[in-house]
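Position 1 is the first residue of the sequence; numbering continues from there. Atoms within a ligand are numbered from 1 in the order they appear, just like the ligands themselves.
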Amino acid sequence: MFAGLAALAGCGSPGSASKGNSGTLTFANRLRVPPLLEPVVTKDGTRQFSLTMQAGRTELLPGRPTATWGFNGPFLGPTVRAKRGDRVAMRVHNKLGEPSTVHWHGMRLPAAMDGGPHQMIEPGGTWTPRWTIDQPAATSWYHPHPHGTTAAHVYRGLAGLFLLDDPATAALGLPSTYGVDDVPLVLQDKILDPNGVLLEDPKPTWGLIGDQILVNGVHDPFFEVTTTLVRLRILNGSSARMYHVEFADRRRFHVIGTDAGLLAAPVPVERVQLSPGERLEILVEFAPRDQVVLRSVAGDNGIDEGDYDLLKFVAADRLTPRPPVPGRLAATPRIEVPADARERRFRLSGSDEINGREMDMARIDEVVPAGATEIWHVENTVYAHNFHIHEVAFEVLDIDGQQPPAYLRGPKDTVFVPGKSTVRLAVQFGHFTDPKTPYMYHCHILRHEDKGMMGQFVIVRPGTEASVPRTLPTHHHHG
Ligand code: C2O
Ligand code: CU
Ligand code: CU
């Protein structure tokens with residue numbers, strides 16, 4: 001199943017649990033900020049972005065050049081940025097030597113453009129999806145989604161941010177100078193052997209829980225703060241690791257956005273959690289000459305062991321003033337659940353099953369009428385999982401009957417589901433219908449997704465649900 005297991009032979013036990021790095025970093029390396037990808041604007045105004053999936057070498061740890069993968073470079077990918085109303089066209093070229101896909105995680109778009117496992121790009125091939133951005137401002141991302149090899153492809157470095165803007169958000173005066181006071185932080189954990197080989201699959205239950213944490217691909221990083229307020233867009237781009245992020249001085253900060261867009265108002269917190277695939281936007285205040293470490297503290301979910309320093313912020317002697325944290329944000333209207341909303345139940349068991357079945361590319365598990373708002377119950381019968389639904393935005397109604405903290409209610413597309421608990425989601429589905437092309441829902445712990453903890457749904461014209469074929473002709477690809 002995994003293409004890169006050979007690396008496991010002949011090194012010290014990679015299972016030797018990573019118990020943290022507290023106090024061991026020197027914060028010697030300037031944080032790299034992924035470059036913004038410049039589109040070509042075609043005659044009809046479409047913004048065309050080109051991404052090439054390629055292999056390369058990267059010094060992830062000093063003195064240990066590592067074979068990695070990236071978009072338009074050896075590791076990670078550039079940041080794509082577009083605004084509501086833009087027509088975008090992507091040209092995704094695969095130079096990897098094996099099939100892959102690119103999924104736009106968080107994007108509301110037709111299923112055939114989604115980049116899931118049914119939209120394979122053969123080696124040497126180019127995929128050209130296009131759509132119109134029609135959703136609120138948000139921090140989304142893109143990554144491969146080939147069934148069975150997603151974990152390996154993402155882990156080797158194929159991931160990038162896809163930022164969405166809209167006029168209402170632009171009017172709020174939030175910090176928005178990319179790389180200066182609006183800074184993405186892609187958190188990923190790795191295990192490297194002494195020769196710099198990325199170890200891919202050391203833990204039977206979870207897949208990879210690494211002992212080296214990179215921020216935007218940089219080990220031991222610092223960021224120079226030049227403004228009084230900084231907006232951080234944090235992505236958990238890890239295979240399985242969960243983060244509990246706080247500042248070492250326990251300063252308060254404000255959450256302003258979750259996966260699918262801004263909150264109604266900033267929520268003050270001291271710590272936030274992110275399971276794989278989740279994003280948060282936060283605002284942090286700094287004083288001149290501040291020096292403070294951003295860290296992740298251990299939890300007890302099995303995927304969050306160890307205390308890890310992530311990144312040191314070093315503020316300049318003089319900071320450029322920014323407006324204070326706004327009292328309100330461009331509120332996306334809350335999701336209204338109709339009294340007769342359809343309810344569906346999803347039972348997660350083991351590390352590879354939903355409702356007692358593994359993913360089958362040829363099976364449509366759920367048929368949803370376009371524009372529906374439904375309640376999805378996700379019951380986790382075992383250890384920690386999470387749950388991501390393509391194409392939608394949802395709000396978390398409750399976790400075991402309790403309201404989640406305000407910053408975790410949403411709008412979201414990925415939710416942490418603690419072991420032996422049930423989350424209820426109010427899910428708002430989109431309007432693109434296609435009875436033959438499914439979207440995915442799955443655990444975003446990538447090994448679980450690869451093993452089959454995933455299902456497929458189609459969105460169809462209301463009233464046609466009963467006549468939709470439940471099987472698909474598929475041409476299976478094996479990575
Ligand atoms: Cu981020 Cu179906 O994935
Ligand atoms: Cu997705
Ligand atoms: Cu899982």
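Among protein atoms, those of element N, O or S found less than 2.8 Å away from the Cu ion (ligand 2) are His103 NE2, His388 NE2.
Checked for salt-bridge contact, Arg347 and Glu379 meet the test: a charged N lies under 4.0 Å from a carboxylate O. One finds no salt bridge joining Glu374 and Arg342 here, because no Lys/Arg side-chain nitrogen approaches an Asp/Glu carboxylate oxygen to under 4.0 Å. Using a 4.0 Å cut-off between a side-chain N of Lys or Arg and a carboxylate O of Asp or Glu, Asp134 and Arg108 do not qualify as a salt bridge. Using a 4.0 Å cut-off between charged nitrogen and carboxylate oxygen, Asp450 and Arg447 do not count as a salt-bridge pair. Checked for salt-bridge contact, Asp365 and Arg357 meet the test: a charged N lies under 4.0 Å from a carboxylate O. Residues Lys412 and Asp259 are paired through a salt bridge, judged by an N-O separation under 4.0 Å between the basic side chain and the carboxylate.
The heavy-atom pair separating Ser100 from Pro144 by the smallest distance is OG-CB, 3.3 Å.
Between the side chains of Glu278 and His444, no donor-acceptor pair of N or O atoms lies under 3.5 Å. Asn380 and Ser421 form no side-chain donor-acceptor contact under 3.5 Å, judged by distance and modelled atom types alone.
By the 6.0 Å contact criterion, CD on Glu336 is open, its count of non-hydrogen atoms from other residues, nucleotides or ligands being 12 or less.
Around atom 1 (Cu) of ligand 1, protein N, O or S atoms at a distance under 2.8 Å total 3; waters are neither shown nor counted.
Atom NE2 is the N/O/S atom of His442 found closest to atom 2 (Cu) of ligand 1.
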